[in-house]
Amino acid sequence: MAELDLQPKLMVGDGWADFALLDSGHGRKLEQYGLHRFIRPEPQAMWTPRLADWQADAEFVPGSDEDGGGRWMFDRPVPRDGWDLKWNDVRFTASCTPFRHLGFFPDMAPVWDWMGEQLAPRAECSREGGDRRPENAPLDARGPRLRGDAQTLNLFGYTGVGTLALSQYGPVTHVDASKKSVAQARANAQLSGMAERPVRWMIDDAAKFTAREVRRGRRYDGIILDPPKFGRGPDGEVWRLEESLPGLVADCAQLLDADSRFLFLTVYAVRMSSLAIAGLLAEALKDLGGTIEHGDLAIREQGEGGRHLPTAIFARWRN
């Protein structure tokens, strides 16, 4: 039975060469994305900014509705078609989207690292030798789980940075309802020199796809899901987090077994505790071993003191 650790955890991203949280406060944050700086709303930054003057290329000014809306105000030229950034070996295009973000979520960087750590023991096995799965083995084929063989599923995969990070460990199934997002993910794979890696790019409703995978008897070594608060599938399916998440998690549990390594769930912009989603995982994964943990994702601010800006809650199962 999976053990639920009630003590909250903190997963902190420190930024890297192409991204940094420069300052935050009074409901906003100042970030660096490559050569460009941006100001975006951040309700959880309730403290006072450290810097007196924020110089930015553009600022996203939100609308009056807390659920969305707003527009970018540009003070300096920014490439409207985007510009290239890099995280480890993954290259991708950042851009000023109508949804206030920049085409990827930098607070997910520690999650990408963590998933790699869960799959890394398989790399040790591969160096020690042992039988491998045939190259043409189907996604649900059983056998030794070695580096290059780990089967992972990325639901709500967006522009694919996490998918490409996982692809070094084996085949990845990337699912997103947005044709535009999947097209950008494919473009990011090409930009990274990873277009030939074994990724299934699926334009599909995440809940319907997962239910079909259960009926097909698929099994995965790891699953990551990053669902929105509200969304629509390609055929008009409606996603409401509080209503739809329990069923999706239950189906994800059926795609895991005693040899699987992880499930990682993040939730943004909701009035919900990480303990609540951890309890959901505990119920769904009660027949498996391993540990369930929960807590906050955060980004460490540059400068003296290094304040931690929380961005999301998470629950994770590791085996």
Side-chain angles (χ1 to χ4, degrees), residues 4-5 8-14 19 21 29 40 42-44 87 90 99-119 152-166 172-178 181 185 206-207 210 220 222-231 239-253 255-256 261-285 291-300 308-318:
L4 173 58
D5 185 349
K9 311 293 182 185
L10 185 61
M11 297 185 71
V12 181
D14 286 313
F19 169 77
L21 174 62
K29 57 187 174 183
R40 296 193 292 155
E42 183 47 72
Q44 298 200 81
W87 179 83
V90 180
F99 310 105
R100 82 176 60 188
H101 49 75
L102 278 297
F104 78 108
F105 299 107
D107 57 329
M108 291 295 290
V111 178
W112 303 328
D113 283 331
W114 181 88
M115 293 189 299
E117 291 167 3
Q118 308 315 302
L119 298 173
T152 54
L153 173 63
N154 187 359
L155 296 172
F156 310 97
Y158 195 39
T159 56
V161 181
T163 292
L164 297 175
L166 283 169
V172 187
T173 300
H174 173 107
V175 183
D176 199 283
S178 167
S181 292
T210 305
Y220 289 93
I223 300 175
I224 177 172
L225 54 161
D226 185 23
K229 181 179 179 181
F230 177 84
W239 168 272
R240 292 185 177 88
L241 185 78
E242 292 85 351
E243 300 172 8
S244 306
L245 185 60
L248 177 58
V249 169
D251 281 344
C252 285
L255 301 178
L256 302 169
R261 303 302 292 181
F262 72 84
L263 183 149
F264 202 103
L265 167 64
T266 55
V267 174
Y268 292 79
V270 295
R271 297 178 178 90
M272 187 182 296
S273 165
S274 65
L275 185 58
I277 58 174
L280 182 62
L281 293 195
E283 179 183 65
L285 301 168
T291 303
I292 295 168
E293 299 164 319
H294 66 98
D296 284 309
L297 295 183
I299 297 177
R300 195 190 320 270
H308 292 63
L309 178 64
T311 59
I313 58 174
F314 74 87
R316 66 190 187 193
W317 168 76
R318 58 182 173 86

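- Contact detail for A253 and A284: the closest heavy-atom pair is CB-O, 3.3 Å.
- Here the OG1 atom belonging to T173 is positioned 3.5 Å from the OH atom belonging to Y220, to the nearest 0.5 angstrom.
- Listed here is the closest heavy atom pair of A278 and I292: O-CG2, 3.9 Å.
- Heavy-atom minimum distance, C252 versus I223: O-CD1, 3.6 Å.
- In this structure Y158 satisfies the ring-ring contact (aromatic ring centres under 6.0 Å, His included) test together with H101, F105, sequence neighbours excluded.
- Atom CD1 in I299 sits 6.5 Å away from atom CG in L309 (nearest 0.5 Å).
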D226/V111 under side chain to side chain contact (heavy atoms under 4.5 Å, CB included): CA gap, chis, key distance, verdict: CA-CA 11 Å; D226 185 23; V111 178; over 6 Å; no

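- Within the model, atoms CG of L153 and OG1 of T163 stand 9.0 Å from one another, a figure rounded to the nearest 0.5 Å.
- Side-chain N or O atoms of Q44 include one that pairs as donor or acceptor with a backbone N or O of P310 at under 3.5 Å.
- Not counting sequence neighbours, the partners of H174 by the ring-ring contact (aromatic ring centres under 6.0 Å, His included) test are W201.
- Listed by chain and number, the residues in a ring-ring contact (aromatic ring centres under 6.0 Å, His included) with W112 are W87 (sequence neighbours excluded).
- Closest non-hydrogen pair, P246 versus L241, comes out as CD-O, 4.2 Å.
- The salt bridge (Lys or Arg N to Asp or Glu O under 4.0 Å) search around E293 returns R316, R318, not counting sequence neighbours.
- D176 and G157 make their closest contact through OD2-N, 3.5 Å (heavy atoms, listed as atom of the first residue, atom of the second, distance).
- Within a 6.0 Å sphere centred on CZ of F230, heavy atoms belonging to other residues, nucleotides or ligands number more than 12.
- Contact check for P110 versus D14: no side-chain heavy atoms found under the 4.5 Å cut-off.
- Between the side chains of T210 and D251, not a single donor N or O lies within less than 3.5 Å of an accepting N or O.
- Expressed to the nearest 0.5 Å, how far CG of L297 lies from NZ of K9 amounts to 14.5 Å.
- Counting heavy atoms from C-beta on, the side chains of H294 and L281 never come closer than 4.5 Å.
- Applying the ring-ring contact (aromatic ring centres under 6.0 Å, His included) criterion to F314, with sequence neighbours excluded, gives F264.
- With hydrogens and angles disregarded, no donor-acceptor distance shorter than 3.5 Å links the side chain of E283 to the backbone of G279.
- When atom types are taken as modelled, the side chain of R261 and the backbone of L119 share no donor-acceptor pair closer than 3.5 angstrom.
- No side-chain heavy atom of V249 sits under 4.5 Å from any side-chain heavy atom of I277.
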Could you please spell out the steps behind the side chain to side chain contact (heavy atoms under 4.5 Å, CB included) verdict for V161 and M108? CA-CA 9 Å; V161 181; M108 291 295 290; over 6 Å; no

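- Residues V90 and F104 are not in side-chain contact: their nearest non-hydrogen atoms beyond the backbone lie 4.5 Å or more apart.
- No side-chain heavy atom of T266 sits less than 4.5 Å from a side-chain heavy atom of I224.
- A pairwise comparison of heavy atoms in A312 and D107 identifies CB-OD2, 4.4 Å as the closest pair.
- For residues 239-249, the set of pairs meeting the side-chain hydrogen bond (donor to acceptor under 3.5 Å, both in side chains) definition, not counting sequence neighbours, is empty.
- For the atom pair CD1 (I313) and CG (L275), the distance works out to 10.0 Å, reported to the nearest 0.5 Å.
- Rounding to the nearest 0.5 Å gives a distance of 9.0 Å between CG of L21 and CD of E42.
- Between R40 and L102 the shortest side-chain heavy-atom distance falls below 4.5 Å.
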